[in-house]
Every structure is written in C-alpha cells, then in structure tokens.
There are 2 protein chains.
Amino acid sequence: MGKKKLRAMSPTETEILRLVWQLKEATVQEIREQLPADRTLAYNTVQTLLCRLEQKGYLKHRDKGRAHVFAPRVEPEEVIKTTVRDFLGRLFGGDPKPLVQFLAEDGKIDEEDIKRLRQLIDKRKKK
Amino acid sequence: MGKKKLRAMSPTETEILRLVWQLKEATVQEIREQLPADRTLAYNTVQTLLCRLEQKGYLKHRDKGRAHVFAPRVEPEEVIKTTVRDFLGRLFGGDPKPLVQFLAEDGKIDEEDIKRLRQLIDKRKKK
DNA sequence: CTGTTACAACGACAAATGTAGGAGTAAACG
DNA sequence: CGTTTACTCCTACATTTGTCGTTGTAACAG
C-alpha cells in the first residue's frame, strides 16, 4: 500500500484541504464560498493554495468545462494521523494525555463523547 | 488581566517552548541536550529560536555568568488553549469530536484516561 | 460579432521559517 | 600570560508561506 511520503502542508493549506474533503470535490470558487465568514481569501490565493496542494500530492484535478475541479488524492485518516502525531509531538512531546485533558477541561468533550469512547476502546480490546 | 496578543509561533518554536516549560528555565545548551535524539539543531539554531520566542513575548531571560537563562513568560495553559483551538480549526473545522475519536482509534486513549475524563466532567457539571 | 465574464496560468513579492556561520569576548586552563 | 572554551551577538540565506496582480482566453450576453 501507498506509503507515499507527502511533503508537509502549511497551516493554511491544511485549512483548504479540509474543505476539499468536506465537499468531496470543488472548484476554486466553491472553496472560496465554503470559507468561514471571517476568513476571506482572494480567488487567486485559493487557487495558489489548491495548486500547491496538488503539487505536494494531496489533490488531483480534472477539467470540467473551463473550470478545474479539485479532489482529494489522500484519505483524511492518512493525513490526520501524521498531522495529529506531529502536533502532539511538538506541543506535548508526544504524550496525548495532556491534550485529552485539555479538551475535557475546555468543555470540548461531553458525556456523549465518553460513552462513544468507551465503546471504541472495548471494541479495540476484543479484537 | 493579561489578554496579551502574542504573535503566532512557528512549529519549531513551539517545540522549543515546550522544552523550556519542561525545564522551567534553561540555557541554550540545556535545550539542545533536551532535544529528542532524532532531532539535532545547531547551537546557533536553538539560540535563534529562543531569541525569536523572546521577541514574540513567550520567553524572558536573565543572565547567569556569561550565559542566558531563558524562562517562560506565559503559562502553558494559555498557549495550549489557543494553539489547540487553532489546530482544531484548521484540521477539523473546530469540531473536537473527530480528534478525540482519532486519538481513541489510534490507541492513544486507554481506560485510565477515560476514567479520569469522567471524573473531570462530573466535577465540571457539579459546578 | 463584440463587449463582458469567468477562469486558469504565470509571475511576483514581502514576511516568516529553518538553519547556520563568523566575530567578539570573558572565563577557564595550563 | 597565551590558548582554548563557551557563549552571545549580528548577519546571512535559501525556502516556504501567505497574498495577490496581470494576462490571455474561452464562453456567454446582447
């Protein structure tokens, strides 16, 4: 399987890639529209970002009429794994506990989440 | 209280700041020694990073003999909060659930953690 | 057909980032 | 003392990043 070595993404590129995942596939315009209200980027800026993402291997595109339709070339899971690990390494020396704890303290995790977590873990143990 | 607007840190700077927190205070050398084995940076490189962190307001330093001793000027919690939020925003559009789920699936969270989480949450609710 | 739109292609550019060399200097060694 | 050490300070520099402007062109409105 593809153990392809992808060049690292910049923060803004990450932001854009996420939107492409969300839309499955998208043109420059569509990405622009999908940007959060407090985040404006010129058409050209988005275009540049998408191109760079393609050069780095995260996206591919096909033509549809005069427009380019960009689509992911990598699974979110794949990218998320390395990105999160990287993040964990930098900010917490690789130990996830402080992160989880922070999420809980910050009210980002609720009972629901915990229930689902327990299930996940149980399932993992069974296997 | 200090709602000081700190300039953003680069990834490598984050890495270094974490080490300073860990050591409470440290000289360039001490930071270098604290670097993971697979991560070598020249003395000067570490120095530059520490200086930039100081310029950005994350560190201060005092002199001890001929050496500079750097120390944090910000609480980890403070920085972690904004950094995690930022990260969450970029990679998950701000929704922490996928992150938690990933951590669980990736085996980063175990029963212990869940127990502690539940306690945390219960406590939060009581308040 | 002609002016107006939408896009892509290409180029540009300042700032941030990662990484380090070299000069200068005070302290420690012999 | 003269030399080696151990640091700091200043400088540098190739890349990457964030952000666009300009130009050319195909499609569409009239």
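Predicted model only: the values in this text are computed from it and were never measured. In what follows, chains carry the letters A, B, and so on, assigned in the order in which the sequence lines appear, proteins first and then strands, with residues in each chain numbered from 1.
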**Request:** Consider the side chain of B:Ala42, meaning its heavy atoms from C-beta on, and name the nucleotide among C:dA20, D:dT19, C:dG18 that approaches it most closely.
**Result:**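 Shortest atom-to-atom distance from the side chain points to C:dA20.
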
**Request:** Report the nucleotide, chosen from C:dA20, C:dC7, C:dA16, that has the shortest atom-to-atom distance to any side-chain atom of B:Arg7.
**Result:**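 For B:Arg7, the side-chain atoms sit closest to C:dA16.
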
**Asked** Can you check whether B:Asp110 reaches A:Lys97 side chain to side chain, under 4.5 Å on heavy atoms?
**Response**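 Yes; the side chains approach each other to less than 4.5 Å.
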
**Prompt:** Would you say the side chain of A:Val20 lies within less than 4.5 Å of the side chain of A:Leu50, judging by non-hydrogen atoms?
**Reply:**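 Heavy-atom side-chain distance check passes, below 4.5 Å.
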
Over how many whole Å does the gap from [X] atom [atom1] to [N] atom [atom2] extend?
X       : N      : atom1 : atom2 : result
B:Leu35 : C:dT19 : CG    : C1'   : 13 Å
A:Met9  : D:dG18 : CE    : C1'   : 16 Å
B:His68 : D:dA6  : NE2   : P     : 18 Å
A:Asp63 : D:dA27 : CG    : C1'   : 15 Å
A:Leu41 : D:dG18 : CG    : P     : 10 Å
B:Asp86 : D:dG18 : CG    : P     : 11 Å
B:Leu50 : D:dC9  : CG    : C1'   : 14 Å
A:Lys56 : D:dT17 : NZ    : P     : 4 Å

**Residue mapping more 5' on DNA chain C - nearest nucleotide basis, A:Arg66 or A:Arg52** =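 Final value for this comparison: A:Arg66.
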
**Request:** Please indicate whether B:Glu75 has more than 12 foreign heavy atoms, meaning atoms of other residues, nucleotides or ligands, lying under 6.0 Å from its CD.
**Result:**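 Open: at most 12 neighbouring heavy atoms sit under 6.0 Å from CD of B:Glu75.
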
**Message:** Heavy-atom nearest nucleotide on DNA chain D for A:Val46 versus A:Ala8: which residue maps closer to 5'?
**Reply:**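 It is A:Ala8 whose nearest nucleotide is closer to the 5' end.
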
**Request:** Using the closest heavy atom to pick a nucleotide of DNA chain D for each, name whichever of B:Gln29 or A:Glu13 lands nearer the 5' end.
**Result:**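 The residue whose closest nucleotide sits nearer the 5' end is B:Gln29.
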
**Item:** Between OG1 on residue A:Thr27 and NZ on residue A:Lys64, distance to nearest 0.5 Å
**Value:**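 A:Thr27 OG1 to A:Lys64 NZ: 8.5 Å, rounded to 0.5 Å.
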
**side-chain contact (heavy atoms from CB on, under 4.5 Å), paired with B:Leu99, selected from A:Val84, A:Val100, A:Ile109** =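 Of A:Val84, A:Val100, A:Ile109, side-chain contact (heavy atoms from CB on, under 4.5 Å) with B:Leu99 is met by A:Val84 alone.
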
**Message:** OP1 or OP2 of D:dG18 versus the side-chain N and O atoms of A:Thr45: is any pair under 4.0 Å?
**Reply:**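 Negative; the distance criterion is not met.
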
**Message:** If the cut-off is 4.0 Å, is B:Thr12 near the phosphate of C:dG18, judged by side-chain N/O to OP1 or OP2?
**Reply:**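 Yes, within the criterion.
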
**Prompt:** Is any N or O donor-acceptor pair between the side chain of B:Asn44 and the base of D:dT11 shorter than 3.5 Å?
**Reply:**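 In this structure, the two groups form no donor-acceptor pair.
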
**Item:** Side-chain-base donor-acceptor pair under 3.5 Å for A:Thr48 and D:dC20
**Value:**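 Check passes, donor-acceptor contact within cut-off.
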
Just to be sure I understand the rule, does [X] reach a base, reach only the sugar-phosphate, or reach nothing, if contact means heavy atoms closer than 4.0 Å?
X       : answer
B:Arg39 : sugar-phosphate
A:Lys64 : nothing
A:Ser10 : sugar-phosphate
B:Gln47 : base

**Asked** Does a side-chain N-to-carboxylate-O contact under 4.0 Å join A:Glu54 and A:Arg73?
**Response**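 Salt bridge absent between A:Glu54 and A:Arg73.
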
